[in-house]
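A short write-up of the structure that comes next.
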Amino acid sequence: MTPDKQIGVVGLGIMGGAFAKHLCASRFKVVGYDIAATRRAALRKLGGVAAASSEEVAATTRILITSLPSLPAFEAALFGRNGVAAGARKGTIVIEASTLPLEIKEDARKRLAKTGVVLLDCPISGTGAQAAMKDIVVYASGDRRAYARCKPVFAGFARNAYYCGGFGAGSKLKFIANLLVTIHNLSTAEAFVLAERAGVDAELMYRVIKDGAGTSRMFEVRGPMMVKRKYLPATMKVDVYQKDIAIIGAYAAKLRCPTPLFSLSKRYYDLAYAGGFDKNDTAAVHAVLRKTASGKHKRG
């Protein structure tokens, strides 16, 4: 097996676990690590190798993917004790797929570059459900030669990958994509609540709107959850998405860019988080709007 057919994955959650599954199916040898033993066990069932640490993943692979849910997890996985930086060799490529503030990724790129490790900024467009179906897109940015070397890896777990330019361009596009996701998800919930109030059958509404001009990717992906009024299992948890919303808001504010629809949408995600839906899918904004429509939430 060539070195580039042995791929590391650090973070085996909803997204990283899907990457590992597809890479195993594409006949890559996957070496992975997650702090959760159950996720390491799941990797073994797929035919992958569960490492004892992020350091071990980096020491045994020349290309690895990091998919992490928070800033503390990112810092610990890359630079903590037994982290990626401790095991990576010169020439190692790290495909960083998390959604994080751009300045955090840029700082990590510089720190890793001191030891000859290349960090690519490669956030993902798509939900966990889409990742499970290999229906995601990679927004890759950074060193172009490193990107070219990673193209077979991207093909192993994603529907498509775009080279977007210098380091950070991928994250900028991800912020834009998630701004739209935030709005489209809420607009989908709004449409379902309007249908309910109008006495229109939810399943009929989903089928008809999906086939017309009013559809969106979020309508198609999250509409079935709203039809059933069940928001588990989550493909993007409300509590994790709070991080993404905060990143987008801060970045837009830094650029002094008005985001009226995004800013108004944030209120309903906050209500979902505060209302006990923190571990549910973000489709749970539908439940918030239903409560608002029934007068259980104060209108504002």
Taking a hydrophobic cluster as the set of Ile, Leu, Val, Met, Phe, Trp and Tyr residues connected by side-chain heavy atoms closer than 4.5 Å, whether directly or through intermediates, do Met236 and Val181 fall within one such cluster?
yes
To check you understand the geometry: which heavy-atom pair defines the closest contact between Ala284 and Asn280, and what is its length?
CB-CB, 4.2 Å
Can you check whether Phe192 reaches Tyr206 side chain to side chain, under 4.5 Å on heavy atoms?
yes
Kindly compute the distance separating CD1 (Ile7) from CZ (Phe157), expressed to the nearest 0.5 Å.
9.5 Å
With rounding to the nearest 0.5 angstrom, report the CG to CD1 distance, Leu120 to Ile95.
6.5 Å
With a 3.5 Å distance limit and no angle check, can you tell me whether Ser263 reaches the backbone of Pro260 through a side-chain donor-acceptor pair?
no
Can you find a heavy atom in the side chain of Arg144 that is under 4.5 Å from one in the side chain of Arg149?
no
Given the rule that I, L, V, M, F, W and Y join up when any side-chain heavy atoms are under 4.5 Å apart, are Leu71 and Leu78 in one cluster?
yes
Atom CZ in Phe175, atom OG1 in Thr259: separation rounded to 0.5 Å?
13.5 Å
Any heavy-atom pair between the side chains of Glu55 and Val84 that's under 4.5 Å?
no
Taking Glu196 first and then Arg229, would you say they form a salt bridge - that is, a charged N and a carboxylate O separated by under 4.0 Å?
yes
Supply the atom-to-atom distance Met218 CE to Thr282 OG1, rounded to the nearest 0.5 angstrom.
8.0 Å
Could you give me the CA-CA distance, side-chain angles and deciding distance for Leu112 and Val118, then say whether side-chain contact (heavy atoms from CB on, under 4.5 Å) is met?
CA-CA 7 Å; Leu112 289 173; Val118 177; over 6 Å; no
If you compare all heavy atoms of Gly16 against all heavy atoms of Ser67, which two are closest, and at what distance to 0.1 Å?
N-OG, 3.7 Å
Is any side-chain N of the basic residue among Lys237 and Asp281 closer than 4.0 Å to the acidic one's carboxylate O?
no
Are the charged groups of Glu106 and Arg111 less than 4.0 angstrom apart, N to O?
no
More than 12 foreign heavy atoms under 6.0 Å from OH of Tyr162: is that the case here?
no
Name all pairs fulfilling the salt bridge (charged side-chain N to carboxylate O under 4.0 Å, His left out) condition that reach into residues 239-251, sequence neighbours left out, sorted by first residue then second.
Asp239-Lys279
Answer yes or no: is there an ion pair linking Arg159 with Asp135, defined by an N-O contact shorter than 4.0 Å?
yes
List the steps, then state whether side-chain contact (heavy atoms from CB on, under 4.5 Å) holds for Val30 with Leu46.
CA-CA 9 Å; Val30 178; Leu46 292 170; over 6 Å; no
Looking at Leu204, I'd like to know if its CG atom is crowded, meaning that more than 12 non-hydrogen atoms belonging to other residues, nucleotides or ligands lie closer than 6.0 Å.
yes
Would you say the side chain of His184 lies within less than 4.5 Å of the side chain of Phe219, judging by non-hydrogen atoms?
no
Would you mind reporting whether Phe19 and Ile136 have side-chain heavy atoms less than 4.5 Å apart?
yes
What is the minimum heavy-atom distance between Ile65 and Ala97, and which atoms define it?
CG2-CB, 4.3 Å
Verify, without hydrogens or angle tests, whether Gln6 (side chain) and Thr60 (backbone) share a donor-acceptor contact under 3.5 angstrom.
yes
Shortest non-hydrogen contact from Phe277 toward Ala287
CZ-CB, 3.6 Å
Apply the test side-chain contact (heavy atoms from CB on, under 4.5 Å) to residues Asn160 and Val138: give CA-CA distance (whole Å), side-chain angles for both, the deciding distance (0.1 Å), then the verdict.
CA-CA 6 Å; Asn160 208 346; Val138 180; over 6 Å; no
Closest heavy-atom pair and its distance - Ala51, Val57
CB-CG2, 3.6 Å
Rounded to the nearest 0.5 angstrom, the OH-SG distance for Tyr147 and Cys164 is 8.0 Å
For the pair Asp121 (side chain) and Ser171 (backbone), establish whether a donor and an acceptor sit closer than 3.5 Å, ignoring hydrogens and angles.
yes
Is there a donor-acceptor contact under 3.5 Å from the side chain of Thr61 to the main chain of Leu64?
no
Would you say Gln130's side chain and Thr127's backbone share a donor-acceptor pair under 3.5 angstrom?
yes
If you take all heavy atoms of Gly128 and Ile14, which pair is closest and at what distance?
CA-CG2, 3.4 Å
If you look only at pairs with a residue in residues 83-104, which of them pass as a salt bridge (charged side-chain N to carboxylate O under 4.0 Å, His left out), with sequence neighbours excluded?
Glu96-Lys105
Okay, side chain of Ser141, backbone of Gly170: is any donor-acceptor separation there less than 3.5 Å?
yes
Between Thr235 and Arg222, does the side-chain contact (heavy atoms from CB on, under 4.5 Å) criterion hold? Intermediate values first, please.
CA-CA 9 Å; Thr235 62; Arg222 293 210 159 94; 3.5 Å; yes
Compute whether any side-chain donor of one residue and acceptor of the other, for Asp270 and Gln242, lie under 3.5 angstrom apart.
yes
Given 3.5 Å as the limit, does a donor-acceptor pair link the side chain of Ser98 with the main chain of Leu68, or not?
yes
Establish whether Leu194 and Ile209 are linked, either directly or via other cluster members, by ILVMFWY side-chain heavy-atom contacts under 4.5 Å.
no
Using a 4.5 Å cut-off on heavy atoms from C-beta on, say whether the side chain of Leu186 contacts that of Leu289.
yes
Asp201/Arg207 salt bridge by N-O under 4.0 Å criterion:
no
When you measure from the side chain of Thr92 to the backbone N and O of Ala88, does any donor-acceptor pair fall under 3.5 Å?
no
Is the closest side-chain donor-acceptor distance between Tyr269 and Asn185 under 3.5 Å?
yes
Taking atom OG1 of Thr182 and atom OH of Tyr241, what is their separation to the nearest 0.5 Å?
2.5 Å
Over 12 non-hydrogen atoms of neighbours within 6.0 angstrom of NZ in Lys266:
no
Output yes when a side-chain donor or acceptor of Tyr251 lies under 3.5 Å from a complementary backbone atom of Ala253, and no otherwise.
no
Can you find a heavy atom in the side chain of His22 that is under 4.5 Å from one in the side chain of Phe28?
no
For the pair Arg109 (side chain) and Leu119 (backbone), establish whether a donor and an acceptor sit closer than 3.5 Å, ignoring hydrogens and angles.
no
Taking the side chain as every heavy atom from C-beta outward, state whether Val49 and Lys29 have any pair of such atoms under 4.5 Å apart.
yes
Report whether Ile245 and Leu264 are members of the same hydrophobic cluster (ILVMFWY, side-chain heavy atoms less than 4.5 Å apart, transitive linking).
no
Is there a path of hydrophobic side-chain contacts, each under 4.5 Å between heavy atoms of I/L/V/M/F/W/Y residues, joining Ile63 to Ile124?
yes
